[in-house]
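Not measured: the values here are computed from a predicted model. Letters go in sequence order (proteins before strands), and every chain restarts at 1.
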Amino acid sequence: MYKAPRGTSDILPEDQPYFIYIQDRAAYYAQLYGYKPIETPVFEDVGLFIRSVGEETDIVDKEMYVFDDKGNSTLALKPEGTAPVCRAYIEHGMQNLVQPVKLSYFASLFRYERPQAGRFRQHHQFGAEAIGDSDPALDAELIDMIWNFITGLGLTSIVLYINSIGCPQCRPAYLEKLKNYYLDKTDVMCGDCKTRLDKNPLRLLDCKKESCSALVDQAPKSSQNLCPECADHYDSLKTYLNLLAIPYTENPTLVRGLDYYTKTVFEIQPRDETGAQVAIAGGGRYDGLIEILGGKPTPAIGFGSGMERMVLNLKKQSVAIPTPAPPKVFVAYLGSQAKQKAMGICRDLRKNGIASMQSLSDKSMKAQLKQAGKSGATYTIIIGEDELKTGSVTLRDMSEGNQQSLSINEIVTILKHK
RNA sequence: GUGGGCGUAGCCUAGUGGUUAAGGCGCCAGGUUGUGGCCCUGGAGAUCGGGGGUUCAAAUCCCCUCGCUCACCCCA
């Protein structure tokens with residue numbers, strides 16, 4: 001028996017309304033804030049991700065699906081959405097458009113990792129990137145959009161965390177300070193943190209281990225070690241968020257796993273979650289990325305939001321979502337002549353935009369009515385020998401249970417007005 | 001990659017060494033020669049995740065393996 005590969009899943013009809021709902025709302029907000037849709041390939045040159053996300057990150061180091069194609073290109077299923085959009089920005093000369101260029105996307109992303117609650121090998125994100133403007137007002141506007149989008153879904157008890165992790169001017173000095181702080185404490189650090197000290201010191205700050213939390217509390221914070229430009233940027237962001245009435249929580253231990261982030265970083269999470277992989281959305285500024293990828297120095301900011309995690313929280317919070325409309329009409333028949341009439345009636349109903357179903361395989365009337373009931377149809381049209389003789393159909397109201405005889409020629413017109 | 005929990009029909013669950021593995025939901029059919037939702041009756045559907053071992057006898061005990069799941073790392 002074949003099964004869906006580990007970490008992947010079929011999004012079955014019963015879950016589709018959630019995804020459709022989220023996509024609808026996302027597209028609405030993207031449009032509302034002036035973001036234009038873009039779609040990039042499912043796979044890209046592997047170098048794009050190595051250069052942008054960072055060689056030392058887990059995403060590149062151990063989570064990418066990499067393969068060689070028959071033309072000896074080394075490709076990777078995209079593990080994140082920002083780098084491809086930046087590649088497209090550069091490739092299509094979008095620096096010649098009015099800046100910032102605002103782009104939004106839906107994408108399947110692939111990471112080879114052990115699945116658990118809210119984490120998969122293939123998942124879906126809604127993301128947006130605003131490229132070509134360094135003003136913190138843009139940061140605020142983007143955060144405003146994602147905040148309104150997520151709260152607009154009906155999710156409650158969510159919290160927005162923000163932080164600033166500086167820029168190439170101020171971060172090196174901060175990282176030195178951080179390392180020096182930890183250097184003489186290695187005997188009380190957990191094993192993971194010892195590795196982090198060497199490999200990715202920023203990560204020291206979000207160690208969840210009880211034993212390390214005291215160290216984290218006392219550790220120097222990036223937001224207090226910013227250069228004047230970054231400090232101004234962070235202050236302005238907070239001013240603008242206040243102005244927009246977006247509730248935020250400064251979180252000095254919020255760091256992001258991708259190398260390209262600068263200045264502003266943020267995450268949206270459900271409140272009071274004990275588990276760890278709870279971020280519904282995350283993003284930040286990446287002022288150096290376009291240049292790294294071969295474009296002119298261009299500031300930018302973006303975010304990604306996980307659709308599966310939104311679904312998870314919508315279900316957890318029992319948020320009512322729009323359900324798809326059932327067919328209005330089910331057409332039941334008895335006999336081969338009536339079957340032909342039934343098919344014609346269905347065709348005419350559909351031509352008039354009336355969603356219709358019929359059974360097609362000569363089932364008993366009882367079975368057909370049962371199927372009609374299950375389908376949720378408002379009405380059932382019944383056509384058998386009696387109706388054929390008189391050129392009529394029987395129209396049954398499925399919730400009332402009553403029925404009437406109507407001319408076969410009028411049935412479409414009548415149903416159009418029901 | 002590391003650690004915990006769990007694998008019995010499509011779904012949920014009973015059975016923890018002894019005949020043909022039980023029930024509920026769902027599905028199909030009949031009760032109603034053309035009428036759903038309630039009820040009644042019947043039916044289909046399970047190599048008890050897979051392999052090996054112990055035993056007269058294994059869903060049940062042991063070993064291995066695969067899968068699912070939760071957590072860690074990391075991330076949406």
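Taking atom NZ on A/Lys3 and atom C1' on B/rG7, their separation rounds to 9 Å, with Å as the unit. Per the geometry, CZ belonging to A/Arg121 stands 11 Å off C1' belonging to B/rG1, to the nearest Å. Protein atom OH of A/Tyr112 is 11 Å distant from nucleotide atom P of B/rU2, rounded to whole Å. Per the geometry, CD belonging to A/Gln116 stands 15 Å off P belonging to B/rU2, to the nearest Å. Atoms NZ (A/Lys199) and C1' (B/rG1) sit 12 Å apart, rounded to a whole Å. Between A/Lys78 atom NZ and B/rA76 atom P there is a gap of 15 Å when expressed in whole angstrom units. Here B/rA76 presents its C1' atom at 8 Å from CD of A/Glu308, a figure rounded to the nearest Å. Remark: C1' of B/rG10 and CG of A/Asp10 are 14 Å apart, rounded to the nearest angstrom.
Listed candidates were B/rC68, B/rU2, B/rA76. Nearest to the side chain of A/Arg6 is B/rC68.
Residue A/Arg196 is classed as a sugar-phosphate contact, given heavy-atom separations below 4.0 Å to backbone atoms only. A/Arg256 comes within 4.0 angstrom of the backbone, heavy atoms only, and of no base. Within 4.0 Å of A/Phe126, counting heavy atoms only, lies no atom of the nucleic acid at all.
A 6.0 Å sphere centred on NZ of A/Lys199 holds more than 12 heavy atoms belonging to other residues, nucleotides or ligands. Residue A/Tyr28 qualifies as open at atom OH: its count of foreign heavy atoms under 6.0 Å is 12 or below.
Heavy-atom distances to RNA chain B give each of A/Glu267 and A/Arg114 a nearest nucleotide, and the one nearer the 5′ end belongs to A/Arg114.
Comparing the C1' positions of B/rA44 and B/rG51 gives a spacing of 30 Å, expressed to the nearest Å. B/rC61 and B/rG42 have their P atoms separated by 34 Å, given to the nearest Å. Comparing the same atom, C1', in B/rG49 and in B/rU69 gives a spacing of 15 Å after rounding to whole Å. Taking atom C1' on both nucleotides, B/rG45 is separated from B/rA9 by 6 Å, rounded to a whole Å. Nucleotides B/rG7 and B/rA14 place their C1' atoms 16 Å apart, quoted to the nearest Å. Spacing of C1' atoms, B/rC48 relative to B/rA59, comes out at 5 Å, to the nearest Å. Taking atom P in both B/rU60 and B/rU8, one finds a spacing of 13 Å when rounded to whole Å. Nucleotides B/rU47 and B/rU41, compared at atom P, are 28 Å apart to the nearest Å.
Residues A/Tyr333 and A/Gln368 meet the side-chain proximity criterion, which asks for heavy atoms closer than 4.5 Å. With contacts defined as side-chain heavy-atom distances shorter than 4.5 Å, the pair A/Leu415/A/Leu395 qualifies. When side chains are defined from C-beta on, A/Ile268 does not count as touching A/Phe303, because their heavy atoms never get closer than 4.5 Å.
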How would you summarise protein contacts on nucleotides 30-37 of chain B per nucleotide, using B for base, S for sugar-phosphate only and - for none, with heavy-atom distances below 4.0 Å? BB--BBBB
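Pairing of B/rA71, defined by two Watson-Crick or G-U wobble distances under 3.5 Å, is identified with B/rU2. The nucleotide B/rG43 finds its pairing partner in B/rC27, both defining distances of the Watson-Crick or G-U wobble pair being shorter than 3.5 Å. Using the Watson-Crick or G-U wobble rule with both distances under 3.5 Å, B/rU60 pairs with nothing in any strand shown.
Annotation: cation-pi geometry not satisfied between A/Arg171 and A/Tyr174 (NZ/CZ under 6.0 angstrom from ring centroid, within 45° of ring axis).
The two residues A/Ala130 and A/Lys102 make their nearest non-hydrogen contact at CB-CG, 4.1 Å. Residues A/Asn163 and A/Leu254 come closest through the heavy atom pair ND2-O, 2.8 Å.
Within the 6.0 Å centre-distance limit, the rings of A/Phe149 and A/Phe126 are counted as a close aromatic pair.
Between A/Gln125 and the phosphate of B/rA76, there is no side-chain N or O to OP1/OP2 separation shorter than 4.0 Å.
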